[in-house]
Amino acid sequence: MLNFILRRLGTFIPTFIGVSIVSFLFIRLLPGDPILLMAGERGMTDERYAQLMTQFGFDQPLLSQYWDYLKGILQGDLGTSFKTKRPVWDEFFTLFPATLELSLCAIVFAVTLGLPAGIIAAVKRGKWPDQALMSTALVGYSMPIFWWALLLIILFSGMLGWTPVSGRISLMYFFPTDTGFMLIDSLRSGQEGAFASAVQHLILPTIVLGTIPLAVIARQTRSAMLEVLSEDYVRTARAKGLGPLRVNGLHALRNALIPVITVIGLSVGTLMAGAILTETIFSWPGIGKWMVEGISSRDYTAVQGGLLMIAVIVMVVNLVVDILYGLINPKIRK
Amino acid sequence: MTASDNSNAVTANAAEGQGELMARPGRFREFWSYFSENTGAVIGLVVFLTFILIAAFADVLAPHSPTEQFRQALLQPPAWQEGGTSEFLLGTDAIGRDLLSRLIHGARYSFFIGVIVVVIAAGSGVFIGLVAGFARGWVDTLIMRLMDILLAFPSLLLALVMVAILGPSLVNAMIAIAIVLQPHYVRLTRAAVLQELPKDYVTSARVVGASRFRLMFVTVLPNCMAPIIVQAALSFSTAILDAAALGFLGLGAQPPTPEWGTMLADSREFVLRAWWVVTFPGLAILINVLAINLMGDGLRDALDPKLKRS
């Protein structure tokens, strides 16, 4: 097992270095002079230019620039945002809880609906519930989620007036955001209606972000269940006279869950990509919206830092999932 | 690959390529009999072919020019709703352009995006995958590590950043999406090559003295095609979705291009006032992507029975 973990780490480190090179090169590949881009000043003098050149370290050879960049990353230094002049690291971690809260809600939504849907489809294989559920799942899987978001806004915010259109909480409420999780902070604030408002703001973004993972989980659960249901031990359990609930629920589902859990773990990338669109539409102040704004306002250090951090988060989650999978399933360790 | 496929491949190679078609009689019919078993796949195919026809004859089919502005009919609702006229069947947008005509012309962009992206991604990915699979050693390791790096980034994010470097336009969006999708082809091709290489027919081709180039493209590649074709169908739909998403974020096709994602971006501010400008472009994307995914499922069942879902 230790061998497996070490080997897996052995591919993690070169990938991390590669990812850091990509994000390092990002600013240097941009069209135009990086100094002018970074400083965001017009008509600067030659002296000022030279001074900035030294300040950003651009007078060094590329390799030593990269070395400084890498050292910075490992010490939690991602540079300073052009726009806000604050450290990118701080910006990232101020906004990250918003994205995390939304992603967690989306994955809970996807699992609570996707697992039962996949199980029902597998048990009723070929019959109408299976066909109905899997057709719906395919629609969800094909969904342009930015459009889905607009449709839900038309229906629930426009026509029915049930949910707000944007933000994390109504402007009426103001309280310290210690944890960064609006659901927790609003509860702790003790203000009447604050928690309900936070929940209302979460509903539509959660549905939008959770739709594709929901479809993937439903499809994956179904096929994993079908595979397990044809195994000998399930037949034995049936032959022993166990009821369908016990066979499907206990014997089959437990084993079918292994690949499903992997899929859930691997959907972090999907969630991060989805967060870019979802947060932009619902004005959700998280990482996705920050990245899009960073690109349009040419805040390139922010984009660079975000690119790196998101890739690292995805990589770490994948690493953990892989190792857990190796723990559960010894076959994979080879 | 089943045993009979292999023996087919051996015969085909012995017959020096020319005899390939004769050595596999009714191959298409076999494929079609599997494919047509899946009703969804056939529906998907019909819808997809309809889209191609619409794209091809957009100039004839569209009642108006996609960019002509009718100043007297701004944000006019669809024909069946109060205030709508039959001149603009699906209504008009904020500056009086006919929505139906724009959607019809948009089909061209969608189809074009899908084809170009898949050709670039699959072409380069398959080639790199073949090289990795054949070369082994450090070349293989280097290629696969590079692919790991590309795959570490969420696809839309990487595409977004690449567009930031290249500048927002439809062509750049397509290049970015192709680069993002390409690692999947590399992995698939390499895995398939590694599976095929130890087989007898490859050894015999080698013994006969086939060049490495010939081994790669004539002997091994045709036997790796099944998963690649399935992947091509799936990435066709991903390409359309991602290009629309980039267009929606203002980083893909630029207005006034009637690309569906860009149309949605234009319509955002009217979301609560004019449902039709929002609903129809997205519906077009959804139907198109859904049809391709249905087809992809059918292709997978027909080409690779091992992967069959049920």
Side-chain angles (χ1 to χ4, degrees), chain A residues 11 14-19 21-23 26 29-31 125-126 130 134-135 138-139 141-148 150-151 153-154 157-158 165 219 222-223 226 268-277 280-281 288 291-292 294-296 298 300 303-304 306-307 310-312 314-315 318, chain B residues 39-40 44 141 144-146 148-168 237 240-242 244-245 247-251 260-261 264-265 267-268 271-275 278-279 281-294 297 308-310:
Chain A
T11 62
T15 315
F16 170 76
I17 293 177
V19 164
I21 293 177
V22 170
S23 72
F26 163 67
L29 285 176
L30 285 167
R125 177 182 175 183
D130 179 23
M134 283 307 112
S135 312
L138 195 67
V139 174
Y141 183 69
S142 311
M143 187 64 84
I145 60 167
F146 44 98
W147 175 65
W148 182 223
L150 296 177
L151 277 193
I153 289 177
I154 292 182
S157 308
V165 184
R219 278 162 69 110
R222 177 181 182 272
S223 61
L226 284 180
V268 204
T270 318
L271 284 175
M272 284 295 168
I276 295 174
L277 294 164
T280 307
I281 293 170
M291 290 289 285
V292 174
I295 287 177
S296 54
R298 298 171 178 261
Y300 291 122
V303 176
Q304 181 186 41
L307 184 67
I310 291 173
V312 169
V314 172
M315 281 165 59
N318 287 357
Chain B
T39 329
T141 316
M144 294 324 284
R145 283 294 85 78
L146 284 177
D148 282 349
I149 294 168
L150 280 181
L151 286 170
F153 297 97
S155 60
L156 186 64
L157 177 70
L158 193 58
L160 206 72
V161 168
M162 273 191 244
V163 172
I165 296 175
L166 299 168
S237 61
I240 292 177
L241 268 183
D242 281 359
F248 181 74
L249 291 171
L251 293 166
W260 295 335
L264 269 177
S267 72
R268 259 183 81 186
V271 66
L272 295 177
R273 276 201 285 148
W275 61 270
V278 178
T279 309
L283 200 59
I285 303 175
L286 174 64
I287 294 174
N288 205 350
V289 171
L290 187 60
I292 297 165
N293 282 344
L294 277 170
D297 276 5
K308 218 165 180 166
R309 250 197 307 151
S310 41

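Quick note: numbers below take in every heavy atom, side chains included, and nothing from hydrogens, waters or symmetry partners.
- Taking every heavy atom of both residues into account, A:Val314 and A:Gly269 meet most closely at CG2-CA, 4.2 Å.
- Neither the backbone nor the side chain of A:Leu271 comes within contact range of chain B; no heavy atom of the residue lies under 4.5 Å from a heavy atom of that chain.
- Top candidate by heavy-atom pairs under 4.5 Å with chain B, chosen from A:Ala273, A:Gly158, A:Gly126, A:Pro14, is A:Ala273.
- Looking at B:Leu294, both its backbone and its side chain come within 4.5 Å of chain A, counting heavy atoms on both sides.
- For chain B, the nearby part of A:Ile295 is the side chain; its heavy atoms alone come within less than 4.5 Å.
- The shortest non-hydrogen separation linking A:Pro144 to B:Ile285 is CG-CG2, 3.8 Å.
- Contacts with chain A were tallied for B:Ile149, B:Leu272, B:Ile240, B:Leu156; B:Ile149 has the most, counting heavy-atom pairs under 4.5 Å.
- Across all non-hydrogen atoms, the minimal contact from B:Ala265 to B:Gly247 is CB-O, 3.9 Å.
- Counting heavy-atom neighbours within 6.0 Å of B:Arg273 CZ, excluding the residue itself, gives a total of 12 or less.
- Nearest heavy-atom pair across B:Pro154 and A:Met272 is CG-CB, 3.8 Å.
- Side chain of B:Trp260 to backbone of B:Gly282: no donor-acceptor contact under 3.5 angstrom is found.
- Proximity to chain B involves both the backbone and the side chain of A:Val19, based on heavy atoms less than 4.5 angstrom apart.
- Highest contact tally toward chain B, considering only A:Ala311, A:Ser157, A:Gly294, is held by A:Ala311 [criterion: heavy-atom pairs under 4.5 Å].
- Among A:Ile145, A:Ile281, A:Asn318, the residue with the largest count of heavy-atom pairs under 4.5 Å with chain B is A:Ile281.
- Between chain A and the options B:Leu283, B:Leu146, B:Leu166, the largest number of non-hydrogen pairs under 4.5 Å is found for B:Leu283.
- Interface check for chain A: of the options B:Arg268, B:Met144, B:Met162, the most heavy-atom pairs under 4.5 Å are formed by B:Arg268.
- Residues that satisfy the side chain to side chain contact (heavy atoms under 4.5 Å, CB included) test with A:Ile21, not counting sequence neighbours, are A:Ile17, A:Leu25, A:Tyr66.
- Here the CG-CG distance, from B:Asp242 to B:Leu160, works out to 10.5 Å after rounding to the nearest 0.5 Å.
- Between A:Ile153 and B:Val278, the closest side-chain pair of non-hydrogen atoms is not below 4.5 Å.
- A:Val139 touches chain B through backbone and side chain together, each having a heavy atom under 4.5 Å away.
- Considering only heavy-atom pairs separated by less than 4.5 Å from chain A, the leading option among B:Ala164, B:Gly261, B:Ala245 is B:Ala245.
- Among the candidates A:Leu29, A:Leu138, A:Val268, the residue making the largest number of heavy-atom pairs closer than 4.5 Å to chain B is A:Leu138.
- At a threshold of 4.5 Å between non-hydrogen side-chain atoms, the residues B:Val161 and A:Gln304 do not count as touching.
- Environment of CH2 in A:Trp148: sparse, with no more than 12 heavy atoms of neighbouring residues, nucleotides or ligands closer than 6.0 Å.
- For B:Leu241, the parts lying under 4.5 angstrom from a heavy atom of chain A are both the backbone and the side chain.
- For a residue to count as touching a neighbouring chain, one of its non-hydrogen atoms must lie under 4.5 Å from one of that chain's; by this rule A:Ile310 touches chain B with the side chain only.
- Within a 6.0 Å radius of OH in A:Tyr141, other residues, nucleotides and ligands contribute 12 heavy atoms or fewer.
- Proximity to chain A is absent for every atom of B:Ser237, based on heavy atoms less than 4.5 angstrom apart.
- Scanning both residues, A:Val312 and A:Phe16, for their nearest heavy atoms gives CG2-CE1, 3.7 Å.
- Residues of residues 286-293 of chain B that come within less than 4.5 angstrom of chain A, heavy atom to heavy atom, are B:Leu286, B:Val289, B:Leu290, B:Asn293 in numerical order.
- Chain B forms more heavy-atom pairs under 4.5 Å with one residue of A:Val303, A:Val292, A:Leu277 than with any other, namely A:Leu277.
- Between A:Leu151 and A:Trp147 there is a side-chain heavy-atom pair separated by less than 4.5 Å.
- No other option in B:Leu157, B:Val163, B:Leu151 has as many heavy-atom pairs under 4.5 Å with chain A as B:Leu157.
- Both the backbone and the side chain of A:Met143 come within contact range of chain B, with heavy atoms under 4.5 Å apart.
- Between atom OG1 of residue A:Thr280 and atom CZ of residue A:Phe146 there is a gap of 11.5 Å, rounded to the nearest 0.5 Å.
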